[in-house]
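Comments concern the structure below.
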Amino acid sequence: MKEIHGIDIKKLERCADMHHSIYNMVLLQTMGNMQKRKQQGLKLSNGKYEQLDRGDTFLYLLYQHYENENEEILKASTKANTKNLRDNLLGFESVYDYSKTMLQIDDNCFIDKITHNGGLKLDDTCVNNYLEIALQFWNKRKEKIDPIIYDLF
């Protein structure tokens, strides 16, 4: 794997710390294999996939589904499950509705920022921006999740 140059090691370490936290735990519809599609990542110009499990690319694919009727998000689904996944996604009005409901993020400008970045191939030019967006994502989730946890105790 090609090494990415210029990476901010402190941001990378902070992201590594957050990776196994409750703020990174997100439920995905299992029927339709969205997790596999998320793991494949961005489809490259050569027809192969980036093979990076990126949340920003996942939201980019959802955005493309809702705004442009692009069904790339369904590509990992078996033929038998594609209709069920499509029906599940119809339960949300938009990527913003999905993000509010499933990710607890109700900030359309931030979702726009994530989806834009998710359509970019991860390389030396944008890796630090990707890390910064990931940290912002976890902070926004923390703002919603922590009060719920604290109310329980």
**Request:** Only pairs at least two apart or in different chains count here, so list each salt bridge (Lys or Arg N to Asp or Glu O under 4.0 Å) that has a residue in residues 48-58.
**Result:** Lys38-Asp53, Glu50-Arg54, Arg54-Asp56
**Prompt:** With sequence neighbours excluded, what pairs up with Asn129 under the side-chain hydrogen bond (donor to acceptor under 3.5 Å, both in side chains) test?
**Reply:** Asn117
**Request:** Could you note down all residue pairs passing ring pair (Phe, Tyr, Trp, His ring centres under 6.0 Å) where residues 73-117 supplies at least one of them, sequence neighbours left out?
**Result:** Phe92-Tyr98
**Message:** Considering only residues two or more places apart or on different chains, which pairs with a residue in residues 18-31 satisfy salt bridge (Lys or Arg N to Asp or Glu O under 4.0 Å)?
**Reply:** none
**Message:** Could you check whether atom CD1 of Ile7 has more than 12 heavy atoms from other residues, nucleotides or ligands sitting under 6.0 Å from it?
**Reply:** yes
**Message:** Strictly by side-chain hydrogen bond (donor to acceptor under 3.5 Å, both in side chains), give each pair with a member in residues 70-80 just once, sequence neighbours left out.
**Reply:** Arg37-Glu72, Tyr49-Glu72, Glu71-Arg86, Ser77-Thr82, Thr78-Asn81
**Item:** Pair listing, salt bridge (Lys or Arg N to Asp or Glu O under 4.0 Å) test, anchored in residues 126-145, at least two apart
**Value:** Lys11-Glu132, Asp107-Lys140, Lys142-Asp146
**Prompt:** Tell me, which pairs form a ring pair (Phe, Tyr, Trp, His ring centres under 6.0 Å) where one or both residues lie in residues 60-80, sequence neighbours left out?
**Reply:** none
**Prompt:** What pairs with Lys83 under salt bridge (charged side-chain N to carboxylate O under 4.0 Å, His left out), at least two apart in sequence or on another chain?
**Reply:** Asp87
**Residues that Ser94 engages under side-chain hydrogen bond (donor to acceptor under 3.5 Å, both in side chains), provided they are two or more places apart** = none
**Asked** Between Val95 and Asp97, is any pair of side-chain heavy atoms under 4.5 Å apart?
**Response** no
**Asked** Which residue pairs satisfy the ring pair (Phe, Tyr, Trp, His ring centres under 6.0 Å) criterion with at least one member in residues 9-40, sequence neighbours excluded?
**Response** none
**Item:** Partners meeting side-chain hydrogen bond (donor to acceptor under 3.5 Å, both in side chains) with Asn24 (sequence neighbours left out)
**Value:** Trp138
**Asked** Short question: side chain of Asp8, backbone of Asn128 - any donor-acceptor pair under 3.5 Å?
**Response** no
**Item:** Check against side chain to side chain contact (heavy atoms under 4.5 Å, CB included), Thr57 and Leu122
**Value:** CA-CA 10 Å; Thr57 297; Leu122 195 59; over 6 Å; no
**Prompt:** For Lys113, what residues pass the side-chain hydrogen bond (donor to acceptor under 3.5 Å, both in side chains) criterion, not counting sequence neighbours?
**Reply:** Gln136
**Prompt:** Do the side chains of Leu89 and Leu62 get nearer than 4.5 Å, heavy atoms only?
**Reply:** yes
**Request:** Evaluate whether atom CD of Gln51 has more than 12 neighbouring non-hydrogen atoms of other residues, nucleotides or ligands under 6.0 angstrom away.
**Result:** yes
